[in-house]
Each structure stands twice: as structure tokens, then as C-alpha cells.
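Basis for what follows: all heavy atoms, side chains included, without hydrogens, waters or symmetry-related copies. Lettering of chains follows the sequences in order, A, B, ..., and the numbering in each one begins at 1.
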2 protein chains.
Amino acid sequence: MTTETVPLDRRQRRRLETIEEVLDHAVEIMAEEGVAGLSLGEIARRMGIRPPSLYVYFPSKHALYDALFARGWRELLAAMRAHDDVAQSEQAGGAELNDLMLRYARVFVRWAVEHPAYAQLLFWRPVPGFRPSDEAYAPAVELYDFGLARLARLQELGLVRPDVEAVHVQRDWTVLLSGVVSQQLANGPDESFDTGRFTTALPDLVAMFADRYGQPTRTRASRKPTPSRRGHADQR
Amino acid sequence: MTTETVPLDRRQRRRLETIEEVLDHAVEIMAEEGVAGLSLGEIARRMGIRPPSLYVYFPSKHALYDALFARGWRELLAAMRAHDDVAQSEQAGGAELNDLMLRYARVFVRWAVEHPAYAQLLFWRPVPGFRPSDEAYAPAVELYDFGLARLARLQELGLVRPDVEAVHVQRDWTVLLSGVVSQQLANGPDESFDTGRFTTALPDLVAMFADRYGQPTRTRASRKPTPSRRGHADQR
DNA sequence: GTCTATATGACGATAGAC
DNA sequence: GTCTATCGTCATATAGAC
């Protein structure tokens, strides 16, 4: 929107590069020590400078968190936009709600568990006094609107039942995604997306969602939630 | 289990009381400043003592977090046991799965949002180097087993479909609950349980759950997810 | 046993020299 | 822009009075 189109001089380019370097190190440290474990001293140490020098680029530690918050949402937003499916409308006729939502959920949850530092910062409130600024919050709102518009589009296409409001469906949907991410990061932070105890529950959870909010006529009768794979002997 | 039955002398009684007082102040401070914002100095200040005196009762700050972690799970476990419904089996014949699970969910989520400090400590990982000890984790396991046994009982009673494993259902159930708690605490920490943007979604979410895992024959045909209450003018 | 007094090192942050 | 020097606060730890 208000992005500067005037060419940046060397001074400003170098400055932005340094800022990005600071943020890169910050994300790395947060991934290792936890979001609240981030320290300016450690950033400076890894960059080969002294802590006070960081104040040239960020007026406070909270400002740094703010930049990280904004960058995290922007990256996640970019990942979801890159996925893009419904907007292209190619799937309109053939695909079913369950498949569309599962693909969307997989992209979202995969990004979250593979970026645990960002995920904690974006979805929880781990930093004592920190509240994101309105500017930093903007891409979060943008992603919310993106998901909402997607659901509304699916409703227009007849894949989501028409007798519920999209915001209503969106609310339940975000609960599902945030539940998977929270449970996985809190209880199995070292498990991969493909083998996680909770990420692997996505097909069932999305099916649960699609059974409720999909169009009854179009939703297939797949009521069985992947019953007892690798059945035990004591299970009859 | 291993609770000491030998009567405690005054010395030990006083010591335990002091420990409880420390924990009370700690919970209060965490609620105000966030879990990672807890400081021994602030606890000592509010108790009218000096910080080093706290080391008489807790060998480190992590030990204090450990005690808080254990106490939080014990309190939540007690709240869920006090609720108690299926164990008493009075509801066996009359009640439906949706109602039983909704009541259970309401007790759980209400406790979590009304004890945000505990909730953050128990469900997230906000403290950089802290990992709960096995002893502190025990009541968490106990609550998990409690919920699992409850689901198994509901399965025996014919309220939960028999073709899925209880652990499977339990996993999806915890995702639902943790999703509501996470979303509510992260996005509306100051909203009450009764008016929260996400806590009020519980009926729909539990219905979604019950539709999938309840016995088809017994689950009523309540497929409509409370459509558009307080309809707007622009909504036709 | 419990307390006060005190020391250490890390942290975020600011002022000012260069 | 980067540095040194410095401040106040924090967790941690030890010494010693009572």
C-alpha cells in the first residue's frame, strides 16, 4: 500500500539488510530458547557487535518483538496465499469441501509446527508486557480476512451450507487449527509434521468439520473416522 | 497414594502454610504479568520478606514453577472430578453424548479461562528453560487418564460409537478443548467465559464432536448449528 | 531453621565519546 | 554507526546473626 517506490540509497539498503539479519538471528534464538528467552546480548554476540548497537535499529526489545510479530504473520500469509486454491476456482466443480479444507489445514499447520518460534509468538502470549501494535497486527487481520473470504467463496460455490454465517464457520475452523498447533507444540515439539501425535489427527478433525459445515447433498457419506489402524490383538 | 498420614508438628505445618502463601502470590503475579513475568523479588515484596528467604522453601525458580505446574494440574483435576457425571452413571440411560460432553467441556474451559496464569503454564511452554519434573507431570497424566476412562465408559454405555479407539477420540477431544482455550486466551484474554468470542462456540464445537463420535442411532438429528442468532438486517 | 546482608553476573536500556 | 561506561533490576548464591 504505502510501500516506498523511490529507489533506496546504499545507506538505507544496508540498514534494511542489517535489520533483516537481526530478525534472522532473533528467530533462531527464539527457536532454541523459547520466545521469552530471546536476549539482545545473544543477538549481538552472534552478529559480532555490542548490545547497544542494536538500539540503532530497534528502539526497544518490544519493538523488535513487534517486527518479528509482523514478519511472522506476513510469512504465514504469504504461505497461505501461495497455496491458493479456491481463489483460482479451478476446484469449483470437482473438489469436495473436505479435501479443500484438509489441504488448507495442512499448509497452515505445517508452517506453524515447522516455525515453532513464530508460532508461539503469533498464537500465544509468551512475552510479559508485549502487545503487538496495530501495524504489526495488520497482516494477521489480512490473513483472517483471506480465510473468511475463502469460506464465503466456498459458500457461494455451494460447498458450505448456506444457513450459517461465514464468520461463524471461520471461528470454529480457527479453533480446530489452533488446537492442533497448540497441542502439537506443547506436547510434542520435537515431532515432525508428518509423524506428530496431533498433526496426524488433521484428516479426522477436518472430516469432523466438513461433516458439519459441508453441504449435506454434496458431502459424501464418509462417516468412518479411519477406524483402528494397526489393530491390536486385544481389540476386537 | 504416598500422602504422609503421620501428624505434622507445628514447624512443618507452618512451613507448608508459607509454601502455599508463596504459591498464591506467584499465581497472582503470573496473572498480572504473564507466566514468564514472575519474579522472586516481587513475591518477596508482597510477602514482606527478602528474596533470599524464598530459597528456604524452593531451591530455585524452576522448582517454584514445578510446584505451580503440579498444583495447577491438581486443581484442574479436582475441578473435573468434582464435576463427575459419568462415573456416577446416573446419566447412563437418559443423557445424550452431546449434553455430557458439553457439560464436561464447560467445566474444563471455564476453569482454564478463569485461571489464565495456570492455563498458560499448563497448556503452553512460556518459560524458557523449564521442563516439568515427572512428579509434577503426574497429575496431568492422571487427568488425561480420567478423561480417557470417562470416554471408555461412555463407549461401554453405548453413547460413543464402538468402532473407534478411545485414545483416538480423546486426542480429537483435547484438540477441541485446547483450541478454544488457546484462541480465547490469546485473542480475548479479558472476556469472560460467558461472553467470550470462543468460549461461546463450545456448543457448536461439541455438537460437531458428538455428531462424529456419538452413536448414530442415539445421536439426535440436531444438525443445525444454531443458525444466525440475532440476525442482521443485511442478512436474508 | 529462618532470617538479614551482601556479592556476582546477566539482562534491558541510556548517555556520550569517537 | 559503533563503541565504552554506566544504571537499575533480576536470579542465584554464600556468609553469618539470632
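- Taking atom CD1 on B:Ile43 and atom C1' on D:dT12, their separation rounds to 14 Å, with Å as the unit.
- Aromatic ring pairs are classed by plane angle as parallel below 30°, tilted from 30° to 60° and perpendicular above 60°; the pair A:Trp111 and A:Tyr118 is parallel.
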With 3.5 Å as the limit, what N/O pairs link the protein to nucleotides 2-4 of chain D?
residue : atom : partner : partner atom : Å
D:dT2   : OP2  : A:Tyr57 : OH           : 2.5
D:dC3   : OP2  : A:Arg50 : N            : 2.9
D:dC3   : OP2  : A:Ser53 : OG           : 2.8

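- Regarding B:His62, its NE2 atom lies at a distance of 11 Å from the P atom of D:dA13, rounded to whole Å.
- One atom, CZ of B:Phe58, and another, P of C:dG1, lie 18 Å apart when rounded to the nearest Å.
- Put simply, NZ on A:Lys61 is 9 Å from P on C:dC11, counting in whole angstrom units.
- Salt-bridge annotation for B:Asp204 and A:Arg171: present, with a side-chain N of the basic residue lying under 4.0 Å from a carboxylate O of the acidic one.
- Ion pairing between a basic and an acidic side chain is recognised when a charged N comes within 4.0 Å of a carboxylate O; A:Asp24 and A:Arg71 show such pairing.
- Within residues 28-42 of chain B, no residue has any heavy atom closer than 4.0 Å to DNA chain C.
- A:Arg50 CZ to A:Arg45 CZ: the interatomic distance, rounded to the nearest 0.5 Å, is 9.5 Å.
- Ring geometry for B:Phe69 against B:Phe130 counts as perpendicular: the plane angle is over 60°, on a 0 to 90° scale with 30° as the lower cut.
- For A:Arg15, taking side-chain heavy atoms from C-beta onward, the closest of the listed nucleotides D:dG1, C:dA13, D:dA13 is D:dG1.
- A close approach under 4.0 Å does occur between a side-chain nitrogen or oxygen of B:Tyr55 and OP1 or OP2 of D:dT12.
- By the 4.5 Å heavy-atom criterion applied to side chains, A:Lys61 and A:Leu54 are not counted as neighbours.
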